[in-house]
Amino acid sequence: MSATITPVLERKPQPEPLRPFRIGAGGFLVLGTGHLALAAVAALDDPTPQQQASSAAMQESSMTLLGLERSTLDIVQGMSLAMALFVIACGLLALTVVRHAPALVERRTAFGWITLVASLVGLAISVLLLPMPPIVILAITSCAFALSLRRATP
């Protein structure tokens, strides 16, 4: 009698979602720290006459909200710095989740969708209002978060 050999169909291992998620989170860190570094360099640099005129006009214009009066320049600079710090915090939070609760990324959870949506919204705003560096970084982060979700277990 001859033995018959039946081939066993092996499943290919599913590509893991953590690596692209880390890339997306790292992109958030690069975006925020890069913005802060450029803001520091700009603050230390001598302004051009156009920049001086623009800053003067923004300092003359002000608004009062809930009893606090702020110049337009203060508001723009404050929001810019606050958003950079917020993006850094989001990147650090995402990396912390990968390290301490990887199941939130390995499975298709709301956490993965939130990071993708945040990245896509940031990308849309960047395309409309910002120069090329944030557009490139947020395109990469959006692709990385989308790939992570695609690889995650439903």
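All values reported here derive from a predicted model rather than from experimental measurement. What's counted below: heavy atoms across the whole structure, side chains too, no hydrogens, waters or symmetry copies.
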Legend entry - Value rounded to 0.5 Å, distance of OG in S54 from CG in L73: 8.0 Å
Inset, instruction - Check whether L128 and V121 end up in the same hydrophobic cluster, where Ile, Leu, Val, Met, Phe, Trp and Tyr are linked by side-chain heavy atoms less than 4.5 Å apart. - result: yes
What side-chain donor-acceptor pairs closer than 3.5 Å can you find for residues 20-45, not counting sequence neighbours?
unit_1	atom_1	unit_2	atom_2	d
T33	OG1	L29	O	2.7
H35	NE2	S80	OG	2.4

Legend entry - Within one Ile-Leu-Val-Met-Phe-Trp-Tyr cluster: I140 and M132, side-chain cutoff 4.5 Å: yes
Inset, instruction - Answer yes or no: is there a donor N or O on one side and an acceptor on the other, between the side chain of Q51 and the main chain of T48, under 3.5 Å? - result: yes
Legend entry - Short side-chain to backbone donor-acceptor contact, T64 and G67, under 3.5 Å: no
Inset, instruction - Treat each ILVMFWY residue as a node, draw an edge where side-chain heavy atoms are under 4.5 Å apart, and state whether M79 and M63 are in one component. - result: yes
Legend entry - Residue pairs passing the ring-ring contact (aromatic ring centres under 6.0 Å, His included) test where at least one lies in residues 36-82, sequence neighbours excluded: none
Legend entry - Side-chain (E16) to main-chain (R19) donor-acceptor, under 3.5 angstrom: yes
Inset, instruction - Quick one: pull up CE in M58 and OG1 in T72 and give me the separation to the nearest 0.5 Å. - result: 6.0 Å
Legend entry - S119 side chain vs T115 backbone, donor-acceptor pair below 3.5 Å: no
Legend entry - Closest approach of E106 to P17 (non-hydrogen atoms, all atoms of both residues): CA-CG, 3.6 Å
Inset, instruction - Provide the closest heavy-atom pair for L138 versus S126 in the form atom of the first, atom of the second, distance. - result: CD1-OG, 3.3 Å
Legend entry - Between CZ on residue R151 and OG1 on residue T153, distance to nearest 0.5 Å: 12.5 Å
Legend entry - E69-S62 side chain donor-acceptor pair, cut-off 3.5 Å: yes
Inset, instruction - Taking all heavy atoms of A103 and all of T109, pick out the closest pair and write down the distance. - result: O-CG2, 4.3 Å
Inset, instruction - Measure the CG-CG distance between L104 and L18 for me, rounded to the nearest 0.5 Å. - result: 10.5 Å
Inset, instruction - Please round to the nearest 0.5 Å and tell me the distance separating atom CZ of R150 and atom SG of C143. - result: 12.5 Å
Inset, instruction - Of all the heavy-atom pairs spanning P47 and Q52, show the shortest one and how long it is. - result: CG-CG, 3.7 Å
Legend entry - Single-linkage hydrophobic cluster V127~L120, side-chain heavy atoms < 4.5 angstrom: yes
Inset, instruction - Output yes when a side-chain donor or acceptor of R70 lies under 3.5 Å from a complementary backbone atom of I75, and no otherwise. - result: no
Inset, instruction - Would you confirm whether R108, through its side chain, and L149, through its main-chain N or O, come within 3.5 Å as a donor-acceptor pair? - result: yes
Inset, instruction - Would you name the heavy atoms of A139 and L123 that are closest together and state the gap between them? - result: N-CD1, 3.8 Å
Legend entry - Nearest non-hydrogen partners of V105 and S148, listed with the distance: CG1-OG, 3.5 Å
Donor-acceptor contacts under 3.5 Å from residues 86-102 side chains, at least two apart:
unit_1	atom_1	unit_2	atom_2	d
T96	OG1	L92	O	2.8

